[in-house]
Amino acid sequence: MEAASASLHAGEAEHHGPPAAHRSSRVDPQMLGMLLFIISEIMVFGAFFTAYFFIRVVQANPWPAAGTELPKLVAGFNTAILLSSSVTLHWALTSVKNGNRWGLRAGMLTTFLLGLTFLFVQINEYVHIGFAPHDSAQASVFYGLTGLHGAHVFIGLVLLLMVTVRAFRGHFSPEAHRGVEIPGIYWHFVDVMWVIVYCSVYLL
Amino acid sequence: MDRIRAALRPETASIRRRLVAALLLTTIGSLVFATGAFADFLTPESGGSSNADQIDSLYKIILYVAIVVFAVVEGALFYSLFKFRAKKNPNAAQIHGNTRLEISWTIGAALILVVLAAVTFAKLSAIQDPPNSSASGLALAQGVLTASADEPSPPNGKKLTICVTGRQYIWRYTYGDGCKTNAFGLPYSYEEMVAPANTTVVLDIQATDVIHSWWIPKLGGKKDAVPGYHNYTWFKAPKVGEVYVGQCAELCGRNHADMTARVRIVSPAAYQAWIDGQRRSIQAADSQVQRLRTQLQSDGDL
Amino acid sequence: MTAKLRAPGWYRAALFLLLGVAFAYVLVGVVRTLMHEHTPWHDGQAITTVSLIAAPLFFLVGIGCFDYWFAWASGRPTRPEDHSSHGAHSWRDYFRVNTDHKVIGVQYICTSVFFLFVGGLIAMLMRAELAQPGMQFVDSSTFNGLFSVHAALLIFLFVIPVFAGIANYVIPLMIGAPDMAFPRLNALSYWMLPLAGTMMVLSFLAPGGAFATGWTAYAPLSTDMPLGQMFFTVGVQLAGASSIATALNFLVTIITMRAPGMSFFRMPLLVWANFSTSLLVVIATPFIAASQFFVLLDRALGFHFFDTGLGVGKDGYVLMYQHVFWFYSHPAVYIMMLPGFGIISEIISVKSRKPIFGYRMMAFSLLAIVVLGFTVWAHHMFVSGMQGWIRIPMMITTAIIAVPTGIKIFSWLATLWRGVLHLDTPMLFALGFLTTFTLGGISGVMLAMIPFDIHVSDTYFIVAHIHYVLFGGSLFTIFAGIYYWFPKITGRMYDERLGKIHFWCTFVFFNLTFGPMHVLGIEGMPRRVADYAQQYAPLNLAISIVSFLLGLSMLVFLYNMVVSWRGGPHAVANPWRALTLEWQVSSPPPIFNFDAVPTVVGGPYEYGVPGAVHGIFQSPAEARPTAGTIATSPTRE
């Protein structure tokens, strides 16, 4: 993220710092950092899926627990909402690359609102789903996995909000758009992760 | 710079000799204490049951190999220390590596480990699978077919099952084959288990609250007691009259250290008598309660 | 005053800490009101738990870790090349958010050494209690708290971060970079640490005492413990987050910021070691975070991941905790050992004046350990009653992982062979490490063998093994590293005589303390017990006495460090005549490390090779790989 403003303000003030580091890799440091962070995030989900695996497969508990039902359809619509936010995010990124400022703003705002909608639908689902985490181990896993994902959506939304604010304040340009691109990768990761969560928790 | 040189200058010879002596002493101390011992008295507790004896003999094999490996490493280290210190050896050899040597010690290390793993594997079944009861053991009915694949069973299927239930901070033992499904009315005891000699005893280990671990060192086979699970171990003790002791081996809370266990080995006849006695006192207590209940009911207090 | 409260620093941090607690109070009250709870505003447990999470975050905001990012997020102008928070000009600069990797390295090292002494004092208390059977000084739940805090502090607040600290200081210098890739993230990773440590120590004040479930915090014991457990659960999250952030930073720095000519196979082995460690941290640490999330959810919000009393078809799975926990915590022992391997490689090569033996095999064996480290976790569960078939593959992989470790030991010995050995303090610790770590490794191989493990798991044999690996292994390398880089970091020489006294005391008393514990374990004394059978009494008394001497010998180290830092003789740039880049700049290095980015023209360990050069401070165009006569080239043999 810093990098976006790095290039934005390059040459703005006289530089008193160290000699610029030698670049020993073609990979962008910020990009690499985000990818490594996503590996970490995948492992957090991996641990929660381990819980899912042990309780559903090894323990052979019925899924979902007897007497409960998961709203596949509503969650399916919600999945569509989240996936479409990836499309609008891509639109925003393409726009900024082409110098289309309006497209960037509209794309970011739409993405943010779609993500927010997803979160609200998810919370609404919790309220009406009819079981609580303490009812069974399966319910714990359900709330654990979807809750963990919800937390990631929340973090992603905070990042998107930052980008949106900056987009509306006139930042980013065709040359300097890493500040859109890198939070964007995170958001795509959150989306892909939801597809996996949705398939394994609701569908399978 | 001079001061640094001074700081780096080797100490006087006498100090050095003393230090080396100390180093040698410590290393010998480490050898004696750390990798165990050459003599029998520092090897795992055994003698109560054949699985513990097997563990003991396996330990000795591994220990001998370990001592050899350690001696080789230390030998090379000390030889270098004496031979190649700066004072004696002003020129370093220019060796960046030696592919043949590197490959050979990789294979050598792997071979040692393969041998150890193979020995362990060969011994594993004698440690995991119980033998038949001896003729002098408790007369047992043909056991029912084992319900769980995990449950160890001697070749002829005849075994005595005792359920061991851990809870904060005491062990409870329930005697008899039915203990796994319905412990009600079966003879039981706390802390001290009574077991017949020369008989294959399979322990069905459970817990009611947190994880505990059942372990009587001389009877082999440590096994965790995990809530919601049945874990198994076994022993077959030859010596009548022995009392074996142990302590819970998995941290289970405040009084973990006080959660001790004893196993008293008695002759099969004494075991049968003890079980009958337990059963009678349970029945006596039951009928007493029954009487009290009828009394209270007739009095209208219940 | 308002100005002080607005500017980043301790005043604002204190204010925000209070705000964090207030926030937790309101949040808990509001949520519980919404959930129609009885007495929504008076749940001390819930408020404390939420405070434990919120207050540190607020503190970090207050001290100023997020100022730059907040400015960026709100769209205010920012200057990424703003170096106002960079470097230290007085001791005060070590107590604020600083983006200089050298300052952060010192902060890391000093903080973690502080917790080393706290953890060591706790160990002394434990040994006092264990000197005799029966209870003398503390009650049993306090004792359980003592060994839990001891382990948690020394693992999460000492060994892991002190390596991160040494690497923080040395690695950018070694690879010819002006700083880490993300200096502000680096500062944030540091500041999470003292919070985590403080939290763990403060758990002694919690009602019900400190967390008392060991550092393993096995469920369902940990989900059923007094409030102190939450101090561990949340503290580990902070330490883990710090660890992941640093590791990510190292990886990016090593991959993208190496000096020209520094190919992967010209990197010093310390860089390789930290590269491997960081891979382990990034991949494995999330698992311990998740395991503690499970405990947090179970204990605080009534989830049932591990509860088995719900009825058939609804039960949780107790052993799942151990699988998830050890999937981190086994790689964690390599996280705590690989950087030490790197330090030893540096020191043995420099002090033998001889190239490291089998450089490539050294690097590859590190990577082999990283890969194999993920395949051995269930060897901690041989007696847990998990599916029996898992035990065999785990035994085999555990045995295999000894091969790359063995390769390293043999290569170090071969490096000594026909070298010119200078036996000063860093070298003594390195050689001491070779002995003690070999013992720890051998007992590790013994533990891989299932039947033997069934006998000694959860006994003092394990205590002995882990201390041979983490004390005789990691701590010896840490001491070696601290002595070795002390002149570089402080610009002063330590006292060689005191250093040698420290080594010999430590080495002798260490072996006499932990060696006999093997015997205790083999004879059947379980670990983590406040009281034990009479038969173990003589050996325990002896161990306790020697352990106090071991504790005292640490004071020699402390005295040496403090006094030498304040008034030791000034150090030259390169007292060890080393080739690696950090020794080619002044001691301590200039604020931005290098005036010009150096060019690397050869391997890092060409000691004794005539005309050998690792890096030169010239433009790549002028550099000649065989430049034997260039005046600016580093010192050679």
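Residue numbers begin at 1 in each chain, while the letters A, B, ... track the order of the sequences. Below, each value reflects all heavy atoms present in this structure, side chains not excepted, and no hydrogens, waters or symmetry copies.
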Engineer: Would you mind telling me which of B/Val69, B/Leu124, B/Ile205 has the largest number of heavy-atom pairs within less than 4.5 Å of chain C?
Structural biologist: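 It is B/Leu124.
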Engineer: Report the residues that fulfil salt bridge (Lys or Arg N to Asp or Glu O under 4.0 Å) with C/Arg360, sequence neighbours left out, ordered by chain and then residue number.
Structural biologist: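 Here no residue qualifies.
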Engineer: Select one option (side chain, backbone, both, neither) describing which atoms of C/Met395 are under 4.5 Å from chain B's heavy atoms.
Structural biologist: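 The answer is the side chain of C/Met395.
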Engineer: Under a 4.5 Å heavy-atom cut-off, does chain C meet the side chain of B/Trp215, its backbone, both or neither?
Structural biologist: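 For B/Trp215, the side chain is the part near chain C, not the backbone.
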Engineer: Using non-hydrogen atoms only, which part of C/Met225 is less than 4.5 Å away from chain B: side chain, backbone, both, or neither?
Structural biologist: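 Interface part for C/Met225: side chain.
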Engineer: Side chain, backbone, both or neither: which part of C/Asp307 has an atom under 4.5 Å from a heavy atom of chain B?
Structural biologist: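 Contact with chain B: none, neither part.
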Engineer: Give, as side chain, backbone, both or neither, the part of C/Asp315 having an atom under 4.5 angstrom from any heavy atom of chain B.
Structural biologist: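 No part of it gets close to chain B.
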Engineer: When the aromatic ring centroids of C/Phe510 and C/His467 are compared, is their separation below 6.0 Å?
Structural biologist: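 No; C/His467 has its ring centre 6.0 Å or more from that of C/Phe510.
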Engineer: Measure up the C/Phe507 and C/Phe503 rings against each other and bin them: parallel (under 30°), tilted (30 to 60°), perpendicular (over 60°).
Structural biologist: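 Because their plane-to-plane angle is under 30°, the rings of C/Phe507 and C/Phe503 count as parallel.
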Engineer: Looking at C/Pro404, C/Ala414, C/Ser457, which makes the most heavy-atom pairs under 4.5 Å with chain B?
Structural biologist: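 The option with the most such pairs is C/Ser457.
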Engineer: Sort out for me which of B/Asn98, B/Ile127, B/Ile216, B/Asp258 touches chain C most, counting heavy-atom pairs under 4.5 Å.
Structural biologist: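 Answer, by heavy-atom pair count under 4.5 Å with chain C: B/Asn98.
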Engineer: Check the orientation of C/Trp576 and C/Tyr494. Use parallel for under 30°, tilted for 30 to 60°, and perpendicular for over 60°.
Structural biologist: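 Tilted, since the angle between the ring planes falls between 30° and 60°.
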Engineer: Go through the atoms of C/Thr308 and report whether side chain, backbone, both or neither lie under 4.5 Å from a heavy atom of chain B.
Structural biologist: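 It is the side chain, since no backbone atom gets that close.
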Engineer: Which answer fits B/Lys83, side chain, backbone, both or neither, if we ask what part of it has an atom under 4.5 Å from a heavy atom of chain C?
Structural biologist: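 For B/Lys83, neither part sits under 4.5 Å from chain C.
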Engineer: Taking side chain as everything from C-beta outward and backbone as N, CA, C, O, which of these in B/Asn231 sits under 4.5 Å from a heavy atom of chain C? Side chain, backbone, both or neither.
Structural biologist: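 It is the side chain, since no backbone atom gets that close.
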Engineer: B/Ser80 and side-chain contact (heavy atoms from CB on, under 4.5 Å): which single residue from C/Leu416, C/Thr415, C/Leu431 fits?
Structural biologist: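 Only one of C/Leu416, C/Thr415, C/Leu431 forms a side-chain contact (heavy atoms from CB on, under 4.5 Å) with B/Ser80, namely C/Leu416.
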Engineer: For the side-chain contact (heavy atoms from CB on, under 4.5 Å) test, which of B/Asn51, B/Thr120, B/Asp56 pairs with C/Pro451?
Structural biologist: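 With C/Pro451 as partner, B/Asn51, B/Thr120, B/Asp56 yield a single side-chain contact (heavy atoms from CB on, under 4.5 Å), made by B/Thr120.
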Engineer: So do B/Met259 and B/Trp171 actually touch side chain to side chain, heavy atoms under 4.5 Å?
Structural biologist: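 Touching, per the 4.5 Å side-chain cut-off.
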Engineer: Considering only heavy atoms and a distance below 4.5 Å, find which of B/Thr208, B/Val245, B/Leu116 pairs most often with chain C.
Structural biologist: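 Among B/Thr208, B/Val245, B/Leu116, the one with the most close pairs to chain C is B/Leu116.
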Engineer: Give me the ring orientation class for C/Phe452 and B/Tyr59: parallel if the planes are under 30° apart, tilted from 30 to 60°, perpendicular past 60°.
Structural biologist: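 Judged by the thresholds at 30° and 60°, the geometry between C/Phe452 and B/Tyr59 is parallel.
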Engineer: Based on non-hydrogen pairs under 4.5 Å, which of C/Ser222, C/Ser384, C/Ser365, C/Pro487 is most in contact with chain B?
Structural biologist: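 With the most close heavy-atom pairs to chain B, the winner is C/Ser384.
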Engineer: Heavy-atom pairs under 4.5 Å with chain B are the metric here; pick the option from C/Ala399, C/Gly419, C/Gly406 that has the most.
Structural biologist: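 Winner by heavy-atom pair count: C/Gly419.
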Engineer: Go through the atoms of C/Ile356 and report whether side chain, backbone, both or neither lie under 4.5 Å from a heavy atom of chain B.
Structural biologist: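 For C/Ile356, the backbone is the part near chain B, not the side chain.
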Engineer: Students often mix this up, so state it plainly: with edges at 30° and 60°, are the rings of B/Phe84 and B/Tyr79 parallel, tilted or perpendicular?
Structural biologist: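 Because their plane-to-plane angle is over 60°, the rings of B/Phe84 and B/Tyr79 count as perpendicular.
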Engineer: With chain B as the partner, which of C/Gly309, C/Gly214, C/Gly316, C/Ser411 has the greatest number of non-hydrogen pairs under 4.5 Å?
Structural biologist: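 Of C/Gly309, C/Gly214, C/Gly316, C/Ser411, C/Ser411 has the most heavy-atom pairs under 4.5 Å with chain B.
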Engineer: Between B/Glu250 and B/His256, does the side-chain hydrogen bond (donor to acceptor under 3.5 Å, both in side chains) criterion hold? Intermediate values first, please.
Structural biologist: CA-CA 8 Å; B/Glu250 180 68 61; B/His256 164 59; over 6 Å; no
Engineer: B/Arg167: what forms a salt bridge (Lys or Arg N to Asp or Glu O under 4.0 Å) with it, not counting sequence neighbours?
Structural biologist: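 With neighbours one apart ignored, the set is empty.
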Engineer: Sort C/Ala219 into side chain, backbone, both or neither according to what part of it lies under 4.5 angstrom from a heavy atom of chain B.
Structural biologist: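 Just the backbone, heavy atoms under 4.5 Å.
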Engineer: Name the option with the most non-hydrogen atom pairs under 4.5 Å to chain C; the candidates are B/Gly220, B/Gly228, B/Ala109, B/Pro227.
Structural biologist: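 Answer, by heavy-atom pair count under 4.5 Å with chain C: B/Pro227.
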Engineer: Go through it in stages, so that I can follow the logic: the residues are C/Arg528 and C/Thr213, the test is side-chain hydrogen bond (donor to acceptor under 3.5 Å, both in side chains), and I'd like the CA-CA distance, side-chain angles, deciding distance and then a yes or no.
Structural biologist: CA-CA 9 Å; C/Arg528 295 173 170 174; C/Thr213 53; over 6 Å; no
Engineer: Heavy atoms only, distances under 4.5 angstrom: which of B/Ile95, B/Leu58, B/Val119 has the most pairs with chain C? Name it, please.
Structural biologist: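 Ranked by contacts with chain C, first place is B/Ile95.
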Engineer: Considering only heavy atoms and a distance below 4.5 Å, find which of B/Ile62, B/Leu251, B/Ile55, B/Asn255 pairs most often with chain C.
Structural biologist: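 With the most close heavy-atom pairs to chain C, the winner is B/Leu251.
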Engineer: By a 4.5 Å heavy-atom criterion (distance strictly below it), what part of B/Gln168 contacts chain C: side chain, backbone, both, or neither?
Structural biologist: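 Just its side chain gets close to chain C.
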Engineer: Could you look at C/Val445 and say if it's the side chain, the backbone, both or neither that has a heavy atom under 4.5 Å from chain B?
Structural biologist: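 It is the side chain, since no backbone atom gets that close.
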Engineer: Under 30°, 30 to 60°, or over 60°: which ring-plane class applies to B/Trp105 and C/Phe410, parallel, tilted or perpendicular?
Structural biologist: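 Ring orientation of B/Trp105 relative to C/Phe410: tilted.
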Engineer: Test your reading of the model: is there a side-chain donor-acceptor pair from B/His230 to the backbone of B/Asp204, 3.5 Å cut-off?
Structural biologist: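 No; judged by distance alone, with no hydrogens or angles, the pair does not exist.
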Engineer: Does any backbone or side-chain atom of B/Val73 lie under 4.5 Å from a heavy atom of chain C? Answer side chain, backbone, both or neither.
Structural biologist: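 Answer is both: backbone and side chain atoms of B/Val73 are under 4.5 Å from chain C.
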Engineer: Looking at C/Ala212, C/Pro355, C/Pro526, which has the largest count of heavy-atom pairs under 4.5 Å with chain B?
Structural biologist: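 The option with the most such pairs is C/Pro355.
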Engineer: Name the region of C/Phe147, side chain, backbone, both or neither, that has any atom closer than 4.5 Å to a heavy atom of chain B.
Structural biologist: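 For C/Phe147, the side chain is the part near chain B, not the backbone.
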Engineer: Is a salt bridge present between B/Lys222 and C/Asp458, judged by a nitrogen-to-oxygen distance below 4.0 Å?
Structural biologist: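 Result for this pair is no, no salt bridge flagged.
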